[in-house]
There are 2 protein chains.
Amino acid sequence: MIKEKGQILLDYINKYVSLSEAEEAILLSMVTYRKYLKGQFIVQQGDVCKYECFVLSGCTKTFHIDDEGQEHIVMFSIEDWWTSDMGSFITQTPADYNVQCLEKTEMIMFSHDIIEDLYAAIPKLERFFRQIIQKAFVASQKRIVRSFSLSAKERYVYFRNQYPKIEQRIPQYMIASYLGITKEFLSKIKSQLILEQ
Amino acid sequence: MIKEKGQILLDYINKYVSLSEAEEAILLSMVTYRKYLKGQFIVQQGDVCKYECFVLSGCTKTFHIDDEGQEHIVMFSIEDWWTSDMGSFITQTPADYNVQCLEKTEMIMFSHDIIEDLYAAIPKLERFFRQIIQKAFVASQKRIVRSFSLSAKERYVYFRNQYPKIEQRIPQYMIASYLGITKEFLSKIKSQLILEQ
DNA sequence: AATAAATGTTAATCTAGATTAACATGATTT
DNA sequence: AAATCATGTTAATCTAGATTAACATTTATT
């Protein structure tokens with residue numbers, strides 16, 4: 001793997017745990033670097049998800065297609081975030097979600113085949129992943145509360161403040177899907193907000 | 001701690017990792033057993049959450065009170081489940097949620113003061129908690145998708161099938177809150193379902 | 001530059017679910 | 001047994017957001 005790409009991952013991990021140089025070398029030898037083009041899929045609903053992916057650059061959407069064929073976006077992932085279908089990854093059963101690149105995207109990929117060996121070789125990673133999953137879980141629970149306690153307009157304003165960088169690079173109809181509303185209604189909300197200020 | 005109560009926890013943990021007898025003894029010496037009465041609070045919104053709790057018996061609700069004073073139930077916890085405000089627990093900042101007992105409830109409590117020592121003494125627990133939090137995160141993400149892709153009636157039917165035991169012991173208006181609908185509308189849904197079958 | 005494809009807007013109409021309010025039942029307390 | 005409190009039901013009215021459809025703008029492709 002290209003050394004400077006690996007360093008981005010190591011810097012990220014070292015914010016949570018401190019790896020020795022030997023551990024860093026082992027880690028980088030066990031993961032893989034890969035580029036995807038805009039539109040390519042990392043995971044497809046129904047397939048078994050083989051990788052947990054750390055995004056180096058670019059952007060992905062994670063979405064579910066329901067029985068009526070409607071697309072529901074669960075999350076976006078940009079630099080320094082993770083993406084995959086974790087449920088599928090940990091149980092090795094068919095994925096509920098698609099993960100698709102919205103831009104040219106660079107990833108570091110942790111294969112299911114090596115993840116147990118990796119934990120065995122570097123037990124600290126168990127702690128590292130526990131910590132980042134805890135954060136993700138907490139964020140997910142807060143999002144459930146927001147989906148029930150806030151109006152669509154309030155959710156949009158929250159999203160815009162929370163993720164200003166994401167809003168700029170993603171089409172509005174995808175943000176509507178993430179917020180659980182139609183693109184038409186988001187358009188209405190935006191024009192209301194312009195009138196208000 | 002009462003030995004047979006500790007055994008319930010050990011049995012649960014040993015489904016994920018296998019503890020030696022020495023580790024089991026250390027674990028039980030570091031956690032505490034406690035009983036709560038119906039109505040008592042384990043965590044109160046605004047306080048810092050000091051404990052991760054494993055429910056031995058009884059039932060709790062985790063809820064958030066929003067700016068309008070509305071209560072939103074995030075989860076119920078019964079036997080063999082966990083409860084706390086994890087966000088508050090890991091960052092030791094004020095809690096977003098209340099956790100209140102709906103019945104007389106027995107818990108085993110992991111204090112924030114000992115949790116790091118516990119991980120140091122029994123590294124396997126790092127793996128154990130990673131695994132259960134992964135499961136919780138996956139469930140939470142699926143719930144977000146359901147909240148956007150299913151109607152209130154569909155969400156209720158799903159809940160009833162998924163947690164038949166919980167439905168029986170909890171007042172209907174709390175189930176409505178968990179589903180993100182009013183008690184009046186849940187009542188309407190139930191009468192519709194009776195007519196349908 | 002012209003065309004096509006993707007994205008965004010506006011407005012009319014419709015509906016799932018909220019709100020309000022009155023009443024019913026059941027459990028607890030005195 | 002009466003009274004109080006918690007829980008559940010029904011029905012009328014209201015509203016946030018969906019649906020439909022027509023059009024506008026921006027971006028990509030030839």
Side-chain angles (χ1 to χ4, degrees), chain A residues 37-40 59 61 63 65-73 76 100-104 144-160 166-196, chain B residues 37-40 59 61 63 65-73 76 100-104 144-160 166-196:
Chain A
L37 299 175
K38 180 174 176 172
Q40 287 192 302
C59 181
K61 65 171 173 176
F63 62 103
I65 309 254
D66 71 20
D67 298 338
E68 273 91 58
Q70 285 272 152
E71 173 174 324
H72 301 277
I73 296 180
F76 300 108
Q100 189 179 18
C101 297
L102 300 177
E103 304 172 1
K104 199 172 68 180
I144 290 173
V145 172
R146 287 197 303 275
S147 82
F148 289 140
S149 64
L150 302 185
S151 68
K153 190 197 265 186
E154 289 167 323
R155 274 179 278 144
Y156 170 62
V157 169
Y158 179 89
F159 175 81
R160 209 174 49 169
I166 293 184
E167 204 198 353
Q168 263 119 58
R169 55 209 268 196
I170 287 175
Q172 198 168 303
Y173 71 89
M174 290 189 192
I175 291 169
S177 171
Y178 175 84
L179 295 172
I181 58 178
T182 59
K183 59 189 184 356
E184 291 85 356
F185 193 58
L186 179 53
S187 187
K188 197 170 173 179
I189 287 170
K190 289 187 87 167
S191 63
Q192 277 174 24
L193 287 171
I194 289 164
L195 289 178
E196 278 169 24
Chain B
L37 299 175
K38 180 174 176 172
Q40 287 190 303
C59 181
K61 65 170 173 176
F63 62 103
I65 309 254
D66 71 19
D67 298 338
E68 274 91 57
Q70 286 273 150
E71 174 174 323
H72 302 278
I73 295 179
F76 299 109
Q100 188 179 19
C101 297
L102 300 177
E103 303 172 2
K104 199 171 67 178
I144 290 173
V145 172
R146 286 197 304 275
S147 81
F148 289 139
S149 63
L150 302 185
S151 68
K153 190 196 265 185
E154 289 167 324
R155 275 179 277 144
Y156 170 63
V157 170
Y158 179 89
F159 175 81
R160 210 174 48 170
I166 292 185
E167 204 198 352
Q168 263 119 58
R169 54 209 268 196
I170 287 174
Q172 199 169 301
Y173 71 89
M174 291 189 193
I175 291 168
S177 170
Y178 175 85
L179 294 172
I181 58 177
T182 58
K183 59 191 183 357
E184 291 85 356
F185 193 58
L186 179 53
S187 186
K188 196 169 172 179
I189 287 169
K190 288 187 87 167
S191 65
Q192 278 174 23
L193 287 171
I194 289 164
L195 289 178
E196 278 170 23

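These numbers come from the heavy atoms of this one structure, side chains and all, not from hydrogens, waters or symmetry mates. Protein chains get the first letters and strands the later ones, always in sequence-line order, with residue 1 at the start of each.
- S149(A) places no side-chain N or O within donor-acceptor distance of the main-chain N or O of Q70(B), the cut-off being under 3.5 Å.
- For the pair R155(A) CZ and dA16(D) C1', the computed distance is 10 Å after rounding to whole Å.
- Put simply, CD on Q192(B) is 11 Å from P on dT10(D), counting in whole angstrom units.
- Checking the phosphate oxygens (OP1, OP2) of dT9(D), a side-chain nitrogen or oxygen of Q172(B) falls inside 4.0 Å.
- Between K153(A) atom NZ and dA16(D) atom P there is a gap of 10 Å when expressed in whole angstrom units.
- The nearest whole Å value for the distance from the CD1 atom in I170(A) to the P atom in dG8(C) is 11 Å.
- Nearest-nucleotide assignment on DNA chain D puts the 5′-proximal partner with Y173(B), out of K188(B) and Y173(B).
- A donor-acceptor pair is defined here as one N or O able to donate and one able to accept, closer than 3.5 Å; no such pair exists between the side chain of S147(A) and the backbone of I144(B).
- We find the NZ-CG distance between K104(A) and L37(A) to be 8.0 Å, quoted to the nearest 0.5 Å.
- Counting only distance, with no hydrogens or angles, the side chain of Q100(B) and the backbone of K61(B) share no donor-acceptor pair below 3.5 Å.
- Nearest nucleotide to the side chain of E184(B), out of dG17(D), dA21(C), dT9(C): dA21(C).
- When distances run from any side-chain atom of S151(B) to the nucleotides dT7(D), dG8(C), dG17(C), the shortest one goes to dG17(C).
- Map K38(B) and L186(A) each onto its nearest nucleotide of DNA chain D; the residue landing nearer the 5' end is K38(B).
- Here CD of E167(B) is found 14.0 Å from CE of M174(B). Values are rounded to the nearest 0.5 Å.
- Computed from coordinates, the F185(A) CZ to dT13(C) C1' distance equals 15 Å when rounded to whole Å.
- Each of S191(A) and M174(A) was assigned the nucleotide of DNA chain C with the nearest heavy atom; the assignment lying further toward the 5' end belongs to M174(A).
- Protein atom NE2 of H72(B) is 13 Å distant from nucleotide atom C1' of dA18(C), rounded to whole Å.
- When the side-chain nitrogen and oxygen atoms of T182(B) are compared with OP1 and OP2 of dA18(C), one or more of them lie within a distance under 4.0 Å.
- Between the P atom of dT10(C) and the NZ atom of K183(A) lies a distance of 14 Å, rounded to the nearest Å.
- Remark: P of dA16(D) and CD1 of I181(B) are 19 Å apart, rounded to the nearest angstrom.
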